[in-house]
Amino acid sequence: MALRDRARTPRIEALADLFARRERPHRGADLPTARKFVGLLGGISAALTVAFLAMAPPTSQGDVAGWPTAVLIVALWAAGARWLVVARERVGFSQLLMFCYLGVAQTAALQWLAGGATPYRALFLLWLGAGVATNTPRRGLAFIVAVVVFGSLPLAYADAPHLRVDIATEALVWIAMGGVMLLLIDRVRTQRAQMLSIEEDARTRAEEAVKRVQGLEAVADAALAHLPFDDLLSELLNRVSRVLEVERAAILLRDEDRDCLTVRAARGGGAGQAFSRRVSIGEGIAGQVAQSKRPVFVDDLEASGVQSVVWEDRARSVLAVPLLVEGGRVLGVLQVGTTEGRRFTSDDAQLLQLAADRLAVAIDRARLNEHAHHIAATLQRSLLPSNIPEVSGLALATRYQPGADGTQVGGDLYDVVPYSDGRVGLAIGDVVGHGIEAASLMGQLRNSLRAYALEDDQPERVVERLNRLMHHWQQDRIATLIYLVIDPRNGHVSFASAGHLPPLVCGPDGQARYLPGGEFVPLGVLPFGGYTAGEAMLEPGSTIVLYTDGLVEERGRSIEDGLERLRAAVEEAPHDPHAMCDHLLSTVPPVGTVTDDVALLATRLLPVDTGSLELRLPAEPNSLALMRRALERWLAAVGANDEVSYDIKVACGEACMNCVEHAYPPGDGDFVVHATNVDGEVDIEVRDFGFWRPPRPNSDRGRGLELMRRLMDSMRVVPGPEGTTVHLRRRVRSEAFA
């Protein structure tokens, strides 16, 4: 007996579970199909009722309008069936159950109108199937009871032979069929719910897999290789964190010289203080990974007694994998962690290792690119001028910016060539192509240009000689170049262009314009010359800008758009040449990666302050020529004639030479020249910050002071503990001050 009870227990439990309350009572049910099923049975009931009305007319109750009532019931069933099948409104299971109860009640009414006629009892079977099939077992059981009750109503008003036996028989059949349908439908719903759950789980896993694959693709994004190295590491950490859904991550790179790991990038847990921390190989989590070249799992750091060197506060769970490249070389360790307990699985380790492998390739490539970029930039800058000379009356600024692919040497060149008479030559050009050959040709062109420019100050002849030299070298290359000579004293400009973009001038009023003229084919195109010079006059305060095509060219757009963008940017830029260059480099190049090199040269013709002049120059003989040119330009502006200007320049030159010879050791220190113009008198102070050495005995030198006294109206030498000051004064005898 006990065995039988134990054998029946699972069945009883299954039966109890069948009628138990459920959190999701209709789980696994298909509402659209149920709606169409009930509507279809309602339509069948309407059709059968039409047939049954002929066999059992609804006229047994004489005082009731039987036919109108029957017709109304048929119309309601037909309309309800159509509404359930084709209507777009959402009908729930509760509404379907109410419709079935209404159908059972209407069937009972038809049977009553027909005096308990048997044909209408077949309709109860249809509504039994509709009600049981579309609802939960608990509601279905109540519906079976309702069908049996409504089907037994003829016992109250009809008296036919064997009526009780027929009703009891049909009631038992309905109960049996309803019970079987309840069990079968619940089984189908359970299986369907399981299939839907499996499908949802599969969809969730697929979405997670897609998400992780997309994350891995993001880690392996080729565009990351162009980022600076530190930015690359930071961006890779962010992407790895999103892929594995962790809040902490770190990259430790191996230092071969010290045989240790150094934290190069970290996020989460106060990681800002972790940079440059070192971990010995074999120690700690990262050290073990670097030594064994295998992943390490730690589910609970506190329980394991291992302390993280990356994050200030403890992480709970950590997973670390090696960064391996070809040949099994360890670049470092990729480490992720969580503050909450998490059991990292082998799938997590495989995913992180896959990300680490791609990340290692990106890091290795970035290191190589960074090294190649450093070599290329060093070579490029060694071929360009190391410094720009000071030119009286001009403010000069130059910039060179490598392209996005900074691993190749570019062919852009610029140079500044000062002349002895105060003029200055400005050159900028671009050798077509990249690489060592382009850089070599650029260096040769620059050296040749400087030599030709020092021999000849006519821009068109300098450019023509360079063109002949290009053909002499017999190289399959061409170059664009513009050479411009500017005189700071009067603002006269002459220039010649070999296929280069035109110079841009911004006047003191802020309006910018391109200079026309002086244009001919690039160097190396034609074996003969035809270069001419263009000319212009600049007002004081004007700025002239020379540039290469990398500043204005954008793939897929006209060069005119870039030139207009440059002109507008120059009008908005600061007047200082250095600030102007920085502004142009940040605003003019097209949005996105700039693939070509950019060379930029900005020159401002400084306005002359007729009230004062101040120069601070190194105490070197070469500074005297710069002083004389600046003083000559200023004296011409204040109205000194040539004779007076000559006397003042000679006297001031003697004072400056004393600073160079007597005040400092060679190459040490500087001197200041300060000149003022007050009511036609020029006062000049030449000051050093050293101590004059006494003249050597039996020396022919030492007549400079006497020369200054004769050339100037007055001269005083004032020595002091902080240096010596020479005061010179001369009246400017010109018509302007007559």
Side-chain angles (χ1 to χ4, degrees), residues 216 219-220 224 229-230 232-241 243-244 246-312 314-338 342-371:
L216 291 175
V219 172
L224 293 176
F229 189 63
D230 291 334
L232 169 67
L233 297 182
S234 177
E235 181 61 25
L236 287 174
L237 278 188
N238 291 334
R239 299 189 180 194
V240 168
S241 300
V243 172
L244 284 175
V246 294
E247 64 271 15
R248 301 184 180 187
I251 296 176
L252 298 89
L253 297 183
R254 186 164 188 169
D255 188 340
E256 299 292 347
D257 296 334
R258 300 179 180 178
D259 196 26
C260 66
L261 297 171
T262 303
V263 179
R264 287 298 304 270
R267 68 185 302 268
Q273 305 297 325
F275 295 113
S276 300
R277 290 182 183 174
R278 296 184 178 90
V279 180
S280 299
I281 302 298
E283 296 182 2
I285 299 175
Q288 295 175 16
V289 172
Q291 186 177 54
S292 64
K293 301 181 182 179
R294 294 180 179 178
V296 171
F297 304 78
V298 179
D299 296 333
D300 193 335
L301 280 176
E302 187 173 354
S304 65
V306 181
Q307 185 175 3
S308 173
V309 300
V310 180
W311 302 293
E312 289 182 353
R314 288 182 177 272
R316 183 72 180 273
S317 303
V318 172
L319 170 63
V321 297
L323 298 172
L324 301 173
V325 291
E326 188 175 357
R329 183 165 53 94
V330 179
L331 285 183
V333 173
L334 172 61
Q335 180 174 310
V336 298
T338 60
R342 172 174 171 179
R343 187 175 184 83
F344 288 104
T345 64
S346 58
D347 291 339
D348 294 327
Q350 291 178 0
L351 179 63
L352 187 61
Q353 186 63 66
L354 182 58
D357 293 340
R358 298 189 177 187
L359 190 149
V361 173
I363 292 176
D364 196 38
R365 186 190 306 120
R367 277 183 162 180
L368 293 175
N369 288 344
E370 188 178 59
H371 183 64

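No experiment lies behind these values; they were computed from the predicted model shown. In this chain, numbering begins with 1 at the start of the sequence shown.
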Between D357 and V325, does the side chain to side chain contact (heavy atoms under 4.5 Å, CB included) criterion hold? Intermediate values first, please. CA-CA 7 Å; D357 293 340; V325 291; over 6 Å; no

Minimum heavy-atom separation for I285 and A320, please, with both atom names. CG2-CB, 3.8 Å

With heavy-atom distances below 4.5 Å as the criterion, would you say the side chains of L319 and L352 are in contact? yes

dist I281:CD1 -> L261:CG (nearest 0.5 Å) comes out at 4.0 Å

Taking the side chain as every heavy atom from C-beta outward, state whether V321 and V333 have any atom pair closer than 4.5 Å. no

Donor-acceptor contact present, side-chain Q335 to main-chain I251, <3.5 Å: no

Is there a side-chain contact between P322 and R294 in this structure, where contact means two heavy atoms from C-beta onward sitting under 4.5 Å apart? no

Could you report the tightest heavy-atom contact between G337 and V246, atom names first, then the distance? O-CB, 3.7 Å

Evaluation steps, side chain to side chain contact (heavy atoms under 4.5 Å, CB included), between T262 and L253: CA-CA 5 Å; T262 303; L253 297 183; 5.8 Å; no

Validation row: V330, L323 side chains within 4.5 angstrom (heavy atoms): no

Just verifying a value: how many Å separate E247 CD and T338 OG1, rounded to the nearest 0.5 Å? 5.5 Å

